[in-house]
Amino acid sequence: MAAALRVFHFGSYLAFRLCEGLMRVVSLDCAFVMGRVGGELAYRILRRRRTIALGNLRLAFGGRMSEAQLAALNREHFRLLGANLLAGLKASTMPHEKIWERLTANVPAERGQSGWIALISHMGNWELYSHLGERFPEYRFGALYQGLANPFVDRYLQAARRSSGIVLFDRRNELLSCMRFLREGGVVGVLVDQGAGHAGLWTPL
């Protein structure tokens, strides 16, 4: 069973690298459109996920939107999620100078000594965060992460993010190291929609 799972993980890793290779040869706009089509397919196929997302939308907007509007928003959410997923994969393969031809970032003129927490939406192109270190070398950027079930993909992505200057902290056992990094003036990115169990805080949308 363990051998079969390892073979499955390695096959998934090869599929991921193949997809990454495809993203290297297409434009960012093309990757976005391809991801949008993939999101539409996911919306049609993944019924359980579609139901969960619709339930969450009812919690957030049920008093202000009709069922038809919620259904349309749910479908658009899947499309944009797929678009951002492939656009993020494309962005991870792009040179820094190409990224900054299309992107702007504003930071305070005064650096200060205190650490910052950057709240990153998991539904957007969060890979852009890894490009900030090259653009603003006076800052130290880190991020909390949760290891992936696939060890091959996990090792590859960790190495890629560390090569861009991002310091990674495993949220399961490196929170103290993360706190020290913040006290030393670092900037830590946190994906704000990650489930934290009963220790988490519900916040309004």
Side-chain angles (χ1 to χ4, degrees), residues 13 16-17 19-21 23-24 26-29 31-32 35 80-197 199-205:
Y13 166 73
F16 171 80
R17 293 300 305 274
C19 183
E20 183 186 55
M23 290 302 101
R24 290 182 183 275
V26 302
S27 68
L28 183 60
D29 293 324
F32 189 89
L80 289 178
L81 194 62
N84 279 314
L85 180 63
L86 284 195
L89 185 58
K90 172 62 181 179
S92 69
T93 70
M94 294 173 64
H96 290 298
E97 60 272 14
K98 293 295 184 181
I99 288 290
W100 295 107
E101 287 177 2
R102 306 178 61 127
L103 189 68
T104 59
N106 298 318
V107 300
E110 296 296 327
R111 171 65 180 89
Q113 299 299 316
S114 61
W116 297 353
I117 295 178
L119 302 180
I120 306 171
S121 171
H122 209 174
M123 295 179 290
N125 189 342
W126 62 88
E127 291 293 345
L128 294 176
Y129 180 79
S130 64
H131 289 270
L132 291 174
E134 183 270 345
R135 186 69 167 181
F136 304 102
E138 67 272 22
Y139 291 84
R140 295 175 62 215
F141 291 94
L144 281 176
Y145 82 97
Q146 179 176 337
L148 301 176
N150 188 321
F152 299 103
V153 177
D154 190 51
R155 283 195 296 269
Y156 176 75
L157 289 179
Q158 285 192 49
R161 285 162 182 164
R162 288 191 172 104
S163 69
S164 66
I166 299 292
V167 181
L168 296 176
F169 302 99
D170 190 324
R171 72 176 195 167
R172 295 167 298 187
N173 52 33
E174 293 185 322
L175 290 180
L176 290 179
S177 300
C178 182
M179 291 299 297
R180 284 194 293 270
F181 184 82
L182 280 169
R183 291 193 183 102
E184 294 167 359
V187 181
V188 175
V190 179
L191 295 167
V192 296
D193 64 337
Q194 291 287 284
L201 294 176
W202 283 92
T203 58
L205 185 69

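Start at 1 with the first residue, then count along the sequence.
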Of all heavy-atom pairs between [X] and [Y], which one has the smallest distance, and what is that distance?
{"X": "Ala87", "Y": "Phe32", "result": "CB-CD1, 4.2 Å"}
{"X": "Leu89", "Y": "Cys19", "result": "CD2-SG, 3.7 Å"}
{"X": "Glu174", "Y": "Phe169", "result": "OE1-CA, 3.2 Å"}
{"X": "Asp154", "Y": "Leu148", "result": "OD1-N, 3.1 Å"}
{"X": "Val188", "Y": "Leu144", "result": "CG1-N, 4.2 Å"}

Check the angle between the aromatic planes of Phe136 and Tyr139 and answer parallel, tilted or perpendicular using the 30° and 60° thresholds.
->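 Rings of Phe136 and Tyr139: perpendicular, as their planes differ by over 60°.
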pair Arg161-Tyr145: side-chain heavy atoms closer than 4.5 Å | no
Kindly indicate whether the side chain of Leu86, heavy atoms from C-beta on, has any atom under 4.5 Å from the side chain of Lys90.
-> no
Between [atom1] of [X] and [atom2] of [Y], what distance do you get to the nearest 0.5 Å?
{"X": "Ile99", "Y": "Leu28", "atom1": "CD1", "atom2": "CG", "result": "7.0 Å"}
{"X": "Met23", "Y": "Ser92", "atom1": "CE", "atom2": "OG", "result": "10.0 Å"}
{"X": "Arg135", "Y": "Glu97", "atom1": "CZ", "atom2": "CD", "result": "11.0 Å"}
{"X": "Leu132", "Y": "His96", "atom1": "CG", "atom2": "NE2", "result": "10.0 Å"}
{"X": "Met179", "Y": "Ser177", "atom1": "CE", "atom2": "OG", "result": "11.5 Å"}
{"X": "Phe181", "Y": "Phe141", "atom1": "CZ", "atom2": "CZ", "result": "9.0 Å"}

Check the pair Arg102 / Asp29 against side-chain contact (heavy atoms from CB on, under 4.5 Å), numbers first and verdict last.
-> CA-CA 11 Å; Arg102 306 178 61 127; Asp29 293 324; 3.0 Å; yes
Counting only heavy atoms not in Leu103, do more than 12 sit closer than 6.0 Å to its CG atom?
->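 Yes - once you tally the heavy atoms of other residues, nucleotides and ligands closer than 6.0 Å, there are more than 12.
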Distance under 6.0 Å and angle within 45° of ring axis: Arg155 vs Phe152 |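 Here Arg155 passes the 6.0 Å and 45° test against Phe152.
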